[in-house]
Amino acid sequence: MIALVCTLVFAAAATFAVAAILMTMQGRKAQISALLAEYRSLQRDREFLVAITSFEVEAGRAPVSPQLRRTARRLFRQAEAARPARSLRAVA
């Protein structure tokens, strides 16, 4: 008997909760539709920005940049070659 009463109480509570949700949604219908419209607008804006930024013109490299890279490599190699010679001199 107690199980039946508990079941009825839970069913009534669930029915009341569903009714409260529906009444709240009816009262907030305009706000919910405005939020959905704003979400769709933001989504369209994002898609537009992606479409615009995805078309890029490749910029050519400046003719100076490869020379700078080679020069830096040469300097690095020279420093690497000088380092073991110094350490051998220090040991001797």
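Values below: all heavy atoms of this structure, side chains included; hydrogens, waters and symmetry mates excluded. Values in this document were obtained by computation on a predicted structure and should not be read as measured data.
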Interatomic distance, [X] atom [atom1] to [Y] atom [atom2] [nearest 0.5 angstrom]:
X	Y	atom1	atom2	value
Ile52	Glu47	CD1	CD	12.5 Å
Leu35	Arg40	CG	CZ	11.0 Å
Asp45	Glu38	CG	CD	10.0 Å
Leu36	Ser41	CG	OG	12.5 Å

Gln31 side chain to Arg28 side chain, donor-acceptor N/O pair below 3.5 angstrom: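 The criterion, which ignores hydrogens and geometry beyond distance, is satisfied for Arg28 and Gln31.
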Just list the side-chain donor-acceptor pairs under 3.5 Å for residues 3-20, sequence neighbours left out, or say none.
residue	atom	partner	partner atom	Å
Thr7	OG1	Ala3	O	2.8
Thr15	OG1	Ala11	O	2.8

